[in-house]
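Since the structure comes first, as structure tokens, the remarks are kept for the end.
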Amino acid sequence: MASVSEFYAGKCVLITGATGFMGKVLVEKLLRSCPEVKALYLLIRTKQGQSSQQRIHTMLQSKLFDRLREENPDFHKRIIPVSSELTQPGLALSDEDVQTLTQSVHIIFHCAATIRFDEPLKHALQLNVIATQQLLCLAQQMQQLHAFIHISTAYANCNRRHIDEVIYPPPVEPGKLIHSLEWMDDAIVHDLTPRLIGDWPNTYTYTKALAECVVQQESGKLNIGIIRPSIVGASWQEPFPGWIDNFNGPSGVFIAAGKGILRTMRASNDAVADLIPVDVVINLTLAAGWYTAVHRPKSAMVYNCTTGGINPFHWGEIEHHVMLTFKRNPLEQAFRRPNANITSNYLIYQYWILVSHKFPALLYDLFLRLSGQKPQMMRIFNRLHKAIGLLEYFSSQDWEWNSDNMNMLMNQLSTEDRKVFNFDVRQLNWPEYIESYCIGTKKYVLNEDMADIPAARQHLRKLRNIRYTFNTVLLVFIWRVFIARSQMARNIWYFVVSLCFKFLSYFRASSTLTK
Ligand SMILES: CCCCC/C=C\C/C=C\CCCCCCCC(=O)SCCNC(=O)CCNC(=O)[C@H](O)C(C)(C)COP(=O)(O)OP(=O)(O)OC[C@H]1O[C@@H](n2cnc3c(N)ncnc32)[C@H](O)[C@@H]1OP(=O)(O)O
Ligand SMILES: NC(=O)C1=CN([C@@H]2O[C@H](COP(=O)(O)OP(=O)(O)OC[C@H]3O[C@@H](n4cnc5c(N)ncnc54)[C@H](OP(=O)(O)O)[C@@H]3O)[C@@H](O)[C@H]2O)C=CC1
């Protein structure tokens with residue numbers, strides 16, 4: 001049987017969402033580990049006045065592609081950008097592009113989606129469900145298609161505690177919902193959204209659940225694979241450890257904590273933090289493409305791509321290792337020294353929000369106002385509170401995913417493929433991974449230079465001294481106010497001062513005697 005890279009040799013692959021976090025890593029890995037692949041058709045929309053060609057050009061300049069550029073400088077010749085806006089009828093593809101794609105594509109990887117938790121329902125439905133439906137229609141017309149791989153999320157069924165590798169009945173028949181929302185204006189849909197999404201925490205997970213159902217309904221004679229990653233984090237090994245390029249999921253939280261802005265968050269210390277490195281997800285996705293095409297399973301195969309059941313790690317442990325890493329490798333220009341604590345207690349959380357977030361923000365804004373600058377800290381904290389409020393659903397509870405298909409797939413791979421397309425998360429050393437993840441946010445998201453760490457440490461020392469001075473001044477001030485108002489406080493104060501004097505005179509006398 002052909003190995004994974006032999007299978008992709010001579011094949012034409014269509015990818016949606018190639019400019020996104022996971023899409024980029026997929027493109028890079030496919031070109032690096034399957035160098036004989038014939039062509040990658042990337043469906044990309046024009047954005048901010050840049051054509052799909054220009055966007056690809058910019059993307060290929062990024063650090064992610066450094067290793068590939070070195071190994072195979074001509075890799076870009078296999079990339080064919082196709083202009084496509086997925087929310088438009090017919091995916092806004094030209095007739096010529098439809099013809100090319102239907103004649104040549106062998107494998108589809110559908111990664112595009114809106115992953116925003118606060119996306120208006122209509123738009124999330126348009127992109128995550130209707131666009132998926134349209135892509136499946138296009139796939140049905142493809143003459144040589146071997147496999148359609150849909151990227152879902154492990155949280156598509158987060159209304160359940162135990163999640164098997166099956167497609168669950170949808171909360172509502174997607175077609176009916178699409179038709180009913182068609183005539184409603186945005187304001188009505190907005191009002192109805194909480195009722196519609198029911199048990200789901202946001203429009204993202206809800207529409208991803210509907211998308212899975214659409215994939216099943218529209219699959220016809222297609223060979224389908226559905227990948228359900230949990231919380232996708234920085235790369236573990238490839239193309240280099242710690243690669244990450246966005247603030248999504250925990251990355252923004254780590255950065256905010258490293259900058260000393262985030263000091264508290266609602267999360268359960270003992271809940272499993274189901275992070276999964278992006279390279280693991282992509283290796284499994286490519287292997288699933290191979291398996292689906294070669295074995296042609298009768299019904300859609302679902303792969304829960306998670307770590308919790310195999311190699312669990314908890315939010316409390318993550319907090320510890322994130323703090324440790326940022327104390328050793330500080331971020332530049334931190335607002336305060338990194339010191340974040342997670343808590344599941346609502347009252348304790350509100351207390352720390354007040355004392356550690358809002359109070360310092362108010363003080364800093366006051367300082368900015370007094371020095372003639374525009375206040376900004378309170379605005380930053382309000383956005384941070386909105387973001388962590390949306391994340392706490394995922395960091396405060398546990399889910400149990402069955403990952404039998406992931407294990408089955410691993411057993412189907414040759415020894416060599418298991419190394420090249422490694423998704424064995426038993427080998428993941430969490431403390432090492434979290435360290436390289438945090439350093440990755442510093443290097444690749446914030447573009448900070450590791451050579452500037454001594455200056456960042458010096459800045460933290462300055463912050464520590466400011467804190468000591470501030471605390472001392474505050475203590476003396478409170479004490480003075482207290483003494484002025486209470487006879488008892490004055491008596492205690494005189495007693496302590498006279499005791500100190502007595503000790504001082506005793507030590508002075510004993511030292512003169514011993515001379
Ligand atoms: C230190 C101890 C830590 C211990 C760890 C404890 C808890 C772990 C934390 C999280 C775990 C839960 C993760 C759950 C993932 C669920 C699994 C999935 O399916 S993943 C898909 C996940 N999707 C997301 O993560 C998207 C979430 N984001 C949003 O929905 C929105 O961005 C938003 C948070 C609602 C904010 O929207 P807003 O309109 O206000 O802003 P923008 O998105 O336009 O962004 C503006 C600007 O800010 C940057 N940004 C975005 N998010 C963050 C953030 N969290 N922190 C800092 N900065 C952030 C963004 O990049 C933009 O920058 P720029 O203008 O320069 O482009
Ligand atoms: N990140 C995570 O933690 C997880 C992600 N997933 C799933 O993985 C997949 C990829 O996620 P991720 O890479 O993180 O997401 P990103 O937000 O980084 O990427 C989304 C991609 O979709 C494209 N896209 C969005 N709207 C359109 C449109 N109207 N027309 C054409 N393309 C569009 C974006 O293109 P553009 O650059 O033009 O905006 C981008 O390439 C998604 O299906 C998501 O549900 C699942 C679990 C966890």
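Atoms within each ligand, like the ligands themselves, are counted from 1 in listed order.
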Proximity to ligand 1 by part of Leu390, non-hydrogen separation under 4.0 Å: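 The answer is the side chain of Leu390.
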Just which atoms of ligand 1 are under 4.0 Å from any heavy atom in [X]?
X: Phe247; value: 49 (C), 50 (N), 51 (C), 52 (N), 53 (C), 55 (N), 57 (C), 58 (N), 59 (C), 60 (C), 61 (O)
X: Ser395; value: 7 (C)
X: Thr153; value: 19 (O)
X: Ala387; value: 34 (C), 55 (N)
X: Trp315; value: 5 (C), 6 (C), 7 (C), 8 (C), 11 (C)
X: Val253; value: 3 (C), 9 (C)
X: Met323; value: 1 (C)
X: Ala257; value: 1 (C)

Can [X] be said to touch ligand 2, with heavy atoms closer than 4.0 Å?
X: Asn248; answer: no
X: Thr114; answer: no
X: Lys24; answer: no
X: Ser84; answer: yes

Phe335 and Tyr364: CA distance, side-chain angles, deciding distance, ring pair (Phe, Tyr, Trp, His ring centres under 6.0 Å) verdict: CA-CA 10 Å; Phe335 175 59; Tyr364 192 70; 5.3 Å; yes
Qualifying ring-ring contact (aromatic ring centres under 6.0 Å, His included) pairs, either residue in residues 247-269, two or more places apart: Phe254-Tyr437
Which option wins on minimum heavy-atom distance to [atom]: [options]?
atom: atom 27 (C) of ligand 2; options: Arg116, His150, Arg45; result: Arg45
atom: atom 7 (C) of ligand 2; options: Pro250, Pro229, Ser152; result: Ser152
atom: atom 16 (C) of ligand 1; options: Phe117, Phe254, Tyr204, Phe326; result: Phe117
atom: atom 9 (C) of ligand 2; options: Gly233, Cys111, Ala112, Ser230; result: Cys111
atom: atom 47 (C) of ligand 1; options: Met22, Lys386, Arg383; result: Arg383
atom: atom 28 (C) of ligand 2; options: His110, Glu85, Gln126; result: Glu85

Whether [X] lies under 4.0 Å from ligand 1, heavy atom:
X: Tyr393; answer: no
X: Ala256; answer: no
X: Glu119; answer: no

Enumerated ligand 2 atoms positioned under 4.0 Å from heavy atoms of Val232: 2 (C), 3 (O), 4 (C), 48 (C)
Nearest atoms (heavy-atom pairs only) where Ile108 meets Met142: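 Closest approach of Ile108 to Met142: CD1-SD, 3.7 Å.
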Heavy-atom pair with the smallest gap, counting every atom of Met377 and Asp365: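 Heavy atoms only, the tightest pair is N-OD1, 2.8 Å.
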Modelled atom types, side-chain donor and acceptor of Asn128 and Thr207, under 3.5 Å: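 Distance-only check passes for Asn128 and Thr207.
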Among all protein heavy atoms in this structure, tell me which lies nearest to [atom], with the distance rounded to 0.1 Å.
atom: atom 41 (O) of ligand 2; result: Thr19 OG1, 2.7 Å
atom: atom 37 (O) of ligand 1; result: Arg116 NH2, 2.9 Å
atom: atom 5 (C) of ligand 2; result: Tyr204 OH, 4.0 Å

From CA spacing to verdict: ring pair (Phe, Tyr, Trp, His ring centres under 6.0 Å), Phe421, Trp290: CA-CA 11 Å; Phe421 300 93; Trp290 160 82; 9.2 Å; no
Listed partners of His357 passing ring-ring contact (aromatic ring centres under 6.0 Å, His included), at least two apart: Phe381, His385
From CA spacing to verdict: ring pair (Phe, Tyr, Trp, His ring centres under 6.0 Å), Trp352, Tyr346: CA-CA 10 Å; Trp352 285 118; Tyr346 178 76; over 10 Å; no
Backbone or side chain, does any N or O of [X] fall under 3.5 Å from an N or O of ligand 1?
X: Ser230; result: no
X: Tyr155; result: no
X: Met265; result: no

Lys208 and ligand 2 - part of the residue with a heavy-atom distance under 4.0 Å: side chain
For ligand 2, the portion of Asn246 having any non-hydrogen atom under 4.0 Å away: neither
Ring-face cation of Arg160 near Tyr168 (centre distance under 6.0 Å, axis angle within 45°):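 So Arg160 does make the cation-pi contact.
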Lys/Arg-Asp/Glu bridge criterion (N-O < 4.0 Å) met for Glu28, Arg32: yes
Salt bridge present between Asp449 and Lys443 (N-O < 4.0 angstrom):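 No salt bridge links Asp449 with Lys443.
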